[in-house]
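Numbers restart at 1 for each chain; the letters A, B, ... are given by sequence-line order, proteins then strands.
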Amino acid sequence: MSHNKVRVRFAPSPTGGLHLGGVRTVLFNYLFARQHDGEFILRIEDTDQTRFVPGAEEYIVECLRWCGLEPDESPLQGGPYGPYRQSERKPLYRQYAEQLVAAGNAYYAFDTPEELEAMREVERARGNHSPQYNHAVRSTMRNSLNMEAAEVKELLGKGAPHVIRIKMPTNEEVTFTDMIRGDVTFQTNIVDDKVLLKADGMPTYHLAVVVDDYLMKISHAFRGEEWLPSAPVHILLWKYLGWGNEMPQWAHLPLILKPDGNGKLSKRDGDRLGFPVYAMNWQDPATGDLTNGFRENGFLPEAFINMLAMLGWNDGSGQEIFTMDELIRKFSISRVHKGGAKFDYDKAKWFNHQWIQRTGNERLAQLFLPVLESKGVVAEPAYVEKIAGLVKERCQFVNEIWDHGFFFFVRPEKYDLDAVKPRWNADKQAFFGEWQAALLNQEDFSAAALEEGFKALAATRGIKPGELQLPFRIMLCGGKFGPPVFDIAATIGRNETADRIALALDLLK
RNA sequence: GCCGCGUUGGUCAAGCGGUUAAGACGCCUCCCUUUCACGGAGGAAUGACGGGUUCGAUUCCCGUACGCGGUACCA
């Protein structure tokens with residue numbers, strides 16, 4: 001439609017942790033921008049000073065960084081259309097609201113909260129379920145539509161508290177084309193006269209999005225489905241402000257739903273069901289409450305992003321594993337689902353498993369280091385890397401390298417002797433005594449050589465090697481888990497292997 | 001209540017008027033492995049309902065039901 005540069009934005013309000021759905025909105029914006037060689041802007045919508053939470057903006061920025069969804073313009077890095085924090089743009093908005101008043105598309109309203117509540121009471125008494133300040137009641141309220149110009153001027157002159165409201169037209173239809181949903185039509189009669197400029201001089205979301213999207217030359221506006229009902233207000237504002245030809249194309253993204261029941265996925269659902277909902281850990285500065293994040297739960301950003309992309313979008317080919325580059329190439333907004341998707345934590349874990357397999361041992365080791373540290377273990381990076389390679393196929397999370405490979409770092413504290421004892425006998429006891437002695441002279445300590453020696457020795461004693469492998473494993477790991485036994489022996493080394501055999505033999509006597 | 005948006009297996013979903021209705025997660029069985037996994041082979045399981053339109057509807061249209069979202073000087 002326009003040959004202008006693609007410019008999209010993510011515009012969160014800094015009120016707390018960054019939700020899954022929020023990250024997905026960012027992702028779709030980001031993919032679209034990159035695909036079209038456009039720009040992705042982070043704008044902070046902090047017009048509600050009562051809801052401002054310190055640290056939330058920094059947190060959002062850090063989330064985007066972790067996800068690899070870095071903006072081209074933001075409060076932090078600036079850009080040609082700054083400032084990027086709406087609170088810092090406050091002086092900008094009033095003139096546009098005034099412009100709308102002058103054109104007859106908005107008006108001053110002096111109603112106090114008490115008067116508004118009184119109006120709602122009356123309406124409710126009449127059976128009106130959701131009383132609105134709209135075409136039907138505005139003539140009964142204290143606003144510039146019903147007052148003498150002089151009176152308005154006087155009130156304004158002495159600084160009487162007031163808001164500016166949009167004057168919704170009556171009996172009109174507003175239609176726009178949503179890139180996901182197609183044409184959507186609203187009757188203007190059913191939408192109320194939304195406040196555009198608050199008494200404190202701050203714009204509401206409705207005015208701010210339109211003005212900022214215009215000033216920042218936003219070409220495509222993707223946001224959550226919860227915004228669909230207010231779209232007609234925004235469309236009208238674009239028109240009334242005289243910018244109709246530059247209005248962005250809209251797309252309202254489907255919601256991410258809770259796994260059980262219905263409804264939007266909330267932080268509470270995560271707490272209740274035991275999975276994260278926020279991208280990263282979030283600590284509420286007021287209450288000190290800590291909410292779990294995907295990052296701290298051991299998710300790789302690649303997996304997190306991949307999983308999110310597939311929640312509501314697919315390329316039609318059946319492919320499920322995508323790198324960011326592939327997503328950028330293949331993403332298409334028209335293939336985004338209309339219906340909401342229930343979040344499935346099992347599937348999320350599967351994505352993480354897939355990505356762990358695709359991640360190099362060096363990086364896995366690096367990510368695992370803090371876990372090791374927390375266990376009080378110090379190890380050579382090269383050794384940790386090797387272990388990562390040995391156990392990663394059975395890990396869904398990086399920290400599970402410990403669960404599946406702790407015995408590479410420390411001796412088992414307990415042994416699953418029940419798995420061995422029932423079939424334990426003097427022959428086996430003797431075999432392991434001999435095996436332990438043999439290890440000390442084993443020249444080649446590779447897994448293959450160990451296996452060969454083990455089997456040869458078993459043969460001379462007339463015991464099936466299979467009968468001996470499980471006991472050997474228990475001696476080294478303590479239980480029935482872990483990579484192939486001979487790999488373990490080769491990795492922990494001659495002395496450690498011999499020591500562990502001796503230790504276990506004592507217990508089995 | 002009103003307005004809007006949705007509705008293919010338990011979940012994510014492909015499909016775009018004619019198909020044995022893909023695939024993935026999860027679940028079950030078997031194989032591999034005398035550990036745990038990975039991997040491989042199978043299996044159970046799906047078109048909300050009712051009307052049209054059509055030679056033929058999962059697919060198009062209209063209702064109904066259900067769900068969700070919105071209905072603030074919050075975003």
Note to self: For nucleotides 3-8 of chain B, give me one character per nucleotide, 5' to 3': B if any protein heavy atom sits under 4.0 Å from the base, S if the only such contacts are to the sugar-phosphate, - if neither.
What the structure shows: SSSS--
Note to self: Using a 4.0 Å heavy-atom cut-off to protein, can you give one letter per nucleotide of nucleotides 26-42 of chain B, 5' to 3': B if the base is in contact, S if only the sugar-phosphate is, - if neither?
What the structure shows: --------BBBBS----
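Pair assignment for B/A24 gives B/U11, based on Watson-Crick or G-U wobble hydrogen-bonding distances that are each under 3.5 Å. Pair assignment for B/A37: none, as no Watson-Crick or G-U wobble contacts are both less than 3.5 Å. Both distances falling under 3.5 Å, in either a Watson-Crick or a G-U wobble arrangement, place B/G50 opposite B/C62. Of the nucleotides present, none pairs with B/A57 by Watson-Crick or G-U wobble criteria with both distances under 3.5 Å. The partner of B/C74 cannot be assigned: no Watson-Crick or G-U wobble pair with both contacts below 3.5 Å exists in any strand. Base pairing annotation: B/C68 forms a Watson-Crick or G-U wobble pair with B/G4, both donor-acceptor distances under 3.5 Å.
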Notebook entry, point to check: Please walk me through it: do A/R89 and A/D212 pass salt bridge (charged side-chain N to carboxylate O under 4.0 Å, His left out)?
Noted result: CA-CA 9 Å; A/R89 302 170 65 80; A/D212 287 342; 2.7 Å; yes
Next item on the list: Take A/F28 and A/F222, measure what ring pair (Phe, Tyr, Trp, His ring centres under 6.0 Å) needs, and give me the verdict at the end.
Entry: CA-CA 8 Å; A/F28 287 2; A/F222 305 156; 8.4 Å; no
Notebook entry, point to check: When you look at A/E400 and A/R394, which way does the salt bridge (charged side-chain N to carboxylate O under 4.0 Å, His left out) test go after all the steps?
Noted result: CA-CA 8 Å; A/E400 284 177 355; A/R394 56 210 81 201; over 6 Å; no
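Residues from residues 411-420 of chain A with heavy atoms under 4.0 angstrom of RNA chain B: there are none.
Within the structure, side chain to side chain donor-acceptor pair (under 3.5 Å) pairs that include any residue of residues 469-491 of chain A do not occur (at least two apart or interchain).
Atom CD1 in A/I256 sits roughly 14 Å away from atom P in B/G69 (whole-Å rounding). Atom CG in A/N189 sits roughly 19 Å away from atom P in B/U71 (whole-Å rounding). One can place NZ of A/K258 at 13 Å from C1' of B/G69, the figure rounded to the nearest angstrom. Residue A/L257 contributes atom CG, which lies 8 Å from atom P of B/C12 at whole-angstrom precision. With rounding to whole Å, A/M307 atom CE is found 14 Å from B/U11 atom C1'. Separating the CG atom of A/L311 from the C1' atom of B/A14 is a distance of 16 Å, rounded to the nearest angstrom. A straight line from CG of A/N306 to C1' of B/A24 spans 12 Å, rounded to a whole angstrom. Here B/C68 presents its P atom at 10 Å from NZ of A/K342, a figure rounded to the nearest Å.
Annotation: cation-pi pair A/R165/A/Y133 present, NZ/CZ under 6.0 Å from the ring centroid and within 45° of its normal. Seen from the ring of A/W350, A/K347 counts as a face-on cation partner, given the 6.0 Å and 45° thresholds.
Remark: A/E114 engages A/T112 in a side chain to side chain donor-acceptor pair (under 3.5 Å) (not counting sequence neighbours).
Taking atom P on both B/C31 and B/A45, the two are 23 Å apart, rounded to the nearest angstrom. Here the separation of B/U46 from B/U7, taken at their C1' atoms, is 13 Å to the nearest Å. The same atom, P, is picked in B/C27 and in B/A37; the two are 11 Å apart, to the nearest Å. As rounded to the nearest Å, B/A48 and B/U8 have P atoms that lie 7 Å from one another. Spacing between B/A24 and B/C38 at atom P, rounded to whole Å, works out to 15 Å. Between the C1' atoms of B/C30 and B/G15, the separation comes to 32 Å (whole Å). B/A21 and B/A13 have their C1' atoms separated by 12 Å, given to the nearest Å. Spacing between B/G50 and B/G70 at atom C1', rounded to whole Å, works out to 29 Å.
Between A/Y214 and A/Y96, the ring centre distance reaches or exceeds 6.0 Å.
Note on ring orientation: taking the six-membered ring where Trp is involved, the planes of A/W402 and A/F406 are tilted (angle from 30° to 60°). Ring orientation note: the planes of A/H234 and A/W227 are tilted relative to one another, at an angle of 30° to 60°. Using bins of under 30°, 30° to 60° and over 60° for the plane-to-plane angle, the ring pair A/F343/A/Y345 lands in the tilted bin.
In summary, A/D111 and A/R142 do not engage in a salt bridge, as defined by a charged side-chain N under 4.0 Å from a carboxylate O. Here A/R126 pairs with A/E123 in a salt bridge; the nearest charged N to carboxylate O distance falls below 4.0 Å.
Between B/A14 and A/N314, a contact under 4.0 Å exists linking OP1 or OP2 to a side-chain N or O.
Once rounded to the nearest 0.5 Å, the distance linking NE2 of A/H19 with NZ of A/K264 reads 7.5 Å.
A/Y108 and A/E98 share a side-chain donor-acceptor pair at under 3.5 Å.
The nearest heavy atom of RNA chain B to A/N128 and to A/A348 marks one nucleotide each, and the one closer to the 5' end goes with A/N128.
Nucleic acid contact class of A/R335 (heavy atoms, under 4.0 Å, all strands): sugar-phosphate only.
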Could you go through nucleotides 72-75 of chain B and list every protein N or O atom that sits under 3.5 Å from one of its N or O atoms, giving the distance for each pair?
unit_1, atom_1, unit_2, atom_2, d
B/C73, OP2, A/R165, NH2, 3.4
B/C73, O2, A/A199, N, 2.8
B/C73, N4, A/D111, O, 3.2
B/C74, OP2, A/K198, NZ, 3.0
B/C74, O2', A/D48, OD2, 3.2
B/C74, O2', A/R51, NE, 3.1
B/C74, O2', A/R51, NH2, 3.2
B/A75, OP1, A/T47, OG1, 2.8
B/A75, OP1, A/K198, NZ, 2.7
B/A75, OP2, A/Y205, N, 3.3
B/A75, O3', A/E45, OE1, 3.2
B/A75, O2', A/S13, OG, 2.6

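Under the side chain to side chain donor-acceptor pair (under 3.5 Å) test applied with A/N189, the options A/N171, A/N134, A/T170 reduce to a single match, A/N171.
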